Asks: 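Quick one: structure below, then a few questions.
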Protein chains: 2
Amino acid sequence: MTQATELADTRNICPAESLIEAFERLGAHRCLDRETEVYGQDGLADMFYRVLRGVVRTSRLTLDGRRQVGAFYYPGDLVGLETGPRHRFAAEALTECELQAVRRTALRAYAGEAAVDRAILHATAREMERLQEHVVLLGRRNARERVASFLLALAQRAPSGHVDMPMGRQDMADYLGLTIETVSRMLTQLQGDAIVEFPSTRRFQVRKWNALEAMAA
Amino acid sequence: MTQATELADTRNICPAESLIEAFERLGAHRCLDRETEVYGQDGLADMFYRVLRGVVRTSRLTLDGRRQVGAFYYPGDLVGLETGPRHRFAAEALTECELQAVRRTALRAYAGEAAVDRAILHATAREMERLQEHVVLLGRRNARERVASFLLALAQRAPSGHVDMPMGRQDMADYLGLTIETVSRMLTQLQGDAIVEFPSTRRFQVRKWNALEAMAA
DNA sequence: CGGTTAATTGAACGCATTCAACACGAGTGG
DNA sequence: CCACTCGTGTTGAATGCGTTCAATTAACCG
């Protein structure tokens with residue numbers, strides 16, 4: 001019984017072999033424009049999605065109009081694991097997107113059922129870890145630390161010099177439980193401390209990795 | 001294909017039939033005193049636990065000493081689903097506890113593997129929903145609303161007049177991402193508005209359900 | 001180039017925290 | 001039965017971090 005990747009993997013929710021295979025065979029291909037809906041809040045959760053290209057954002061709108069962003073999903077990530085009968089968060093294409101969509105029942109019926117179930121369980125576990133980190137972030141870290149964590153996570157995903165940020169400040173703010181102004185202030189502050197550098201608003205580079213990691217703690 | 005309970009169930013993570021059966025057969029019985037550890041932070045996650053009696057609390061301690069409480073688990077709830085190879089949160093007995101512990105591999109090897117896997121997946125989904133609610137709570141609700149939500153959740157679990165709170169103010173604060181003083185203030189405030197009533201510090205009764213629900217939103 | 005949206009900056013406010021003092025309750029021993 | 005203590009919870013006053021409101025600047029696109 002091989003234990004698969006025990007390594008600390010900083011990327012998001014990447015499925016195991018068997019799941020990828022199932023997606024390739026059963027997956028319906030979908031292309032989405034910017035800011036279009038993958039599934040709606042309170043929508044029936046009967047599909048899994050795999051991101052092939054672009055970035056997907058999950059978000060939840062409260063009755064009085066406040067918004068909480070749940071996560072950002074990149075190519076290779078699985079979306080829609082936040083299961084139960086209905087979605088608590090909506091999913092939208094942040095950028096132009098290409099997805100594979102698979103009906104859950106179809107995935108279950110797929111040959112090698114146990115392996116697929118286990119793979120989903122594994123991916124779900126990863127998703128839960130991410131959620132737990134998010135809880136700690138929102139519950140016990142200040143604005144500076146939240147923004148630093150966010151930048152670090154982005155930078156770790158693309159360790160090649162410059163990092164592109166597909167999301168705007170409002171999305172960052174709603175993910176981090178802050179306002180757009182506070183996010184902006186923290187960014188300028190981090191840049192002032194020469195920890196990161198922004199050649200443009202949607203692109204940055206880490207200057208002091210250890211300082212950033214220390215803040216993200 | 002019966003869909004099991006589609007009803008809005010306000011309780012925590014209750015396992016399906018097959019899982020309960022598996023726990024009954026394979027589960028090692030454990031009794032724990034107050035404030036003893038079920039498993040430690042960063043401990044190997046190779047067990048599932050089912051609460052039979054008492055309340056279990058999960059919590060995470062950051063390097064600089066800040067604490068975030070993840071959840072409180074009541075009899076019938078499953079603990080240790082927050083999987084991945086290692087636990088991100090520790091689990092401790094909040095009160096004197098009685099648990100069933102099952103090795104994950106043993107559970108997998110149990111006859112009717114697929115059913116058990118699916119049951120775990122279902123329980124995990126419930127846990128994820130709870131986490132998502134927690135994220136919204138911490139990210140987008142103020143102190144009053146957080147405390148109100150917490151009381152409401154407790155009250156819904158025991159709809160019989162008086163509600164017992166096994167956790168202290170510090171635990172509440174660390175769960176809600178607040179300080180102990182703020183929690184205390186909000187409680188007196190809610191009592192001042194005659195929404196809840198505290199005959200003693202660890203026991204309360206809801207007076208205005210709709211008002212409480214409106215705040216918890 | 002204007003027109004529009006997104007992002008930054010500034011100043012004042014307010015909510016939650018911090019620090020400190022006090023109250024309450026349970027357990028112990030005189 | 002009261003005095004004492006220790007842990008827990010409440011209350012008060014002052015501070016500060018993040019928000020709010022408003023104005024300015026930068027980026028994007030015709």
Side-chain angles (χ1 to χ4, degrees), chain A residues 33-35 57 62 64-69 94-96 137-151 154 162 164-193 196-204 215, chain B residues 34-35 57 62 64-69 94-95 137-151 154 163-193 196-204 215:
Chain A
D33 289 337
R34 247 172 56 74
E35 296 297 328
R57 169 194 68 216
T62 61
D64 54 350
R66 286 176 280 188
R67 193 178 75 141
Q68 178 64 48
V69 166
L94 179 63
T95 68
E96 200 185 68
L137 181 94
L138 296 172
R140 288 298 175 219
R141 315 208 89 88
N142 63 26
R144 224 181 124 93
E145 294 168 331
R146 294 184 200 188
V147 173
S149 295
F150 187 75
L151 294 183
L154 283 183
H162 285 281
D164 279 302
M165 296 203 297
M167 68 293 289
R169 298 291 189 265
Q170 188 63 61
D171 284 327
M172 290 179 59
D174 289 345
Y175 177 78
L176 298 173
L178 300 170
T179 61
I180 189 175
E181 294 96 331
T182 302
V183 169
S184 182
R185 274 182 250 274
M186 294 304 118
L187 289 175
T188 33
Q189 199 175 303
L190 287 171
Q191 192 170 209
D193 297 348
V196 292
E197 192 184 334
F198 283 80
S200 78
T201 53
R202 296 289 189 102
R203 177 178 274 258
F204 73 98
M215 297 195 56
Chain B
R34 247 173 58 72
E35 296 297 327
R57 169 193 69 216
T62 60
D64 53 351
R66 286 177 279 187
R67 193 178 75 140
Q68 178 65 46
V69 167
L94 179 64
T95 68
L137 182 93
L138 296 173
R140 287 297 176 218
R141 314 207 89 88
N142 63 27
R144 224 181 126 93
E145 295 167 330
R146 294 185 199 188
V147 173
S149 296
F150 187 75
L151 294 183
L154 284 182
V163 185
D164 279 302
M165 297 203 296
M167 67 293 289
R169 298 293 189 264
Q170 188 62 62
D171 284 328
M172 290 179 59
D174 289 345
Y175 176 76
L176 298 172
L178 300 170
T179 61
I180 189 174
E181 295 97 330
T182 301
V183 169
S184 182
R185 274 183 250 274
M186 295 303 118
L187 289 175
T188 33
Q189 200 174 304
L190 287 171
Q191 193 171 209
D193 298 347
V196 293
E197 191 184 335
F198 283 80
S200 77
T201 54
R202 295 288 189 105
R203 176 178 275 258
F204 74 97
M215 297 194 57

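This structure is a prediction, so every number in the text was calculated from the model and none was measured. First the proteins, then the strands, lettered A, B, ... as listed; each starts at 1.
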Asks: Within the 4.0 Å heavy-atom criterion, would you say Thr182(A) contacts the bases, only the backbone, or no part of the nucleic acid?
Replies: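 Contact class for Thr182(A): base.
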Asks: Does a salt bridge link Asp193(A) with Arg144(A), judged by any charged N lying under 4.0 Å from a carboxylate O?
Replies: yes
Asks: Taking for each residue the nucleotide of DNA chain D bearing the nearest heavy atom, is the 5' side occupied by Pro199(A) or by Thr179(A)?
Replies: Thr179(A)
Asks: Of the options dT20(D), dT8(C), dA20(C), whose atoms approach the side-chain atoms of Thr201(A) most closely?
Replies: dT8(C)
Asks: Which part of the nucleic acid, if any, lies within reach of Thr188(B) when heavy atoms closer than 4.0 Å are counted: base, sugar-phosphate only, or nothing?
Replies: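 The answer is sugar-phosphate, as Thr188(B) gets under 4.0 Å only of primed atoms, P, OP1 or OP2.
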Asks: Assign Ile180(A) to base, sugar-phosphate, or nothing according to its heavy-atom contacts below 4.0 angstrom with the strands shown.
Replies: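 It contacts nothing in the nucleic acid.
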Asks: In whole Å, I'd like the distance from the CE atom of Met172(A) to the P atom of dA7(C).
Replies: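 It works out to 10 Å between those atoms.
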Asks: Could you state the CZ-P distance from Arg144(A) to dT19(D), rounded to the nearest angstrom?
Replies: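 Distance check: Arg144(A) CZ to dT19(D) P gives 16 Å.
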Asks: Ignoring hydrogens and geometry beyond distance, is the side chain of Arg66(B) in donor-acceptor contact with the base of dT17(C) at under 3.5 Å?
Replies: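 Absent.
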Asks: What's Leu187(B) touching, base or sugar-phosphate or nothing? Going by heavy atoms closer than 4.0 Å.
Replies: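 Result for Leu187(B) = nothing.
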Asks: May I have the distance from Gln170(B) (atom CD) to dT18(C) (atom P), rounded to whole angstrom?
Replies: 11 Å
Asks: Determine whether any donor atom in the side chain of Arg146(A) lies under 3.5 Å from an acceptor atom in the base of dG18(D), or the reverse, and answer yes or no.
Replies: no
Asks: What's the closest nucleotide to the side chain of Ser184(B) if the choices are dT11(D), dG10(C), dT8(C)?
Replies: dT11(D)
Asks: Report the distance from atom CE of Met165(A) to atom P of dA6(C), rounded to the nearest whole Å.
Replies: 15 Å
Asks: Is it the case that over 12 heavy atoms from other parts of the model lie below 6.0 angstrom from the CZ atom of Arg34(A)?
Replies: no
Asks: Provide, to the nearest angstrom, the distance between the CD atom belonging to Glu181(A) and the C1' atom belonging to dG10(C).
Replies: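 After rounding, the reported distance stands at 11 Å.
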Asks: Remember a base hit wins even if backbone is also touched, and classify Arg202(A) as base, sugar-phosphate or nothing at under 4.0 Å, heavy atoms.
Replies: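 Sugar-phosphate only.
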Asks: What is the distance, to the nearest angstrom, from the CZ atom on Arg34(A) to the P atom on dC28(D)?
Replies: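 For the pair Arg34(A) CZ and dC28(D) P, the rounded distance is 12 Å.
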Asks: For dT9(C), does the base pair up with any side-chain atom of Arg169(A) as donor and acceptor (N or O, under 3.5 Å, distance only)?
Replies: no
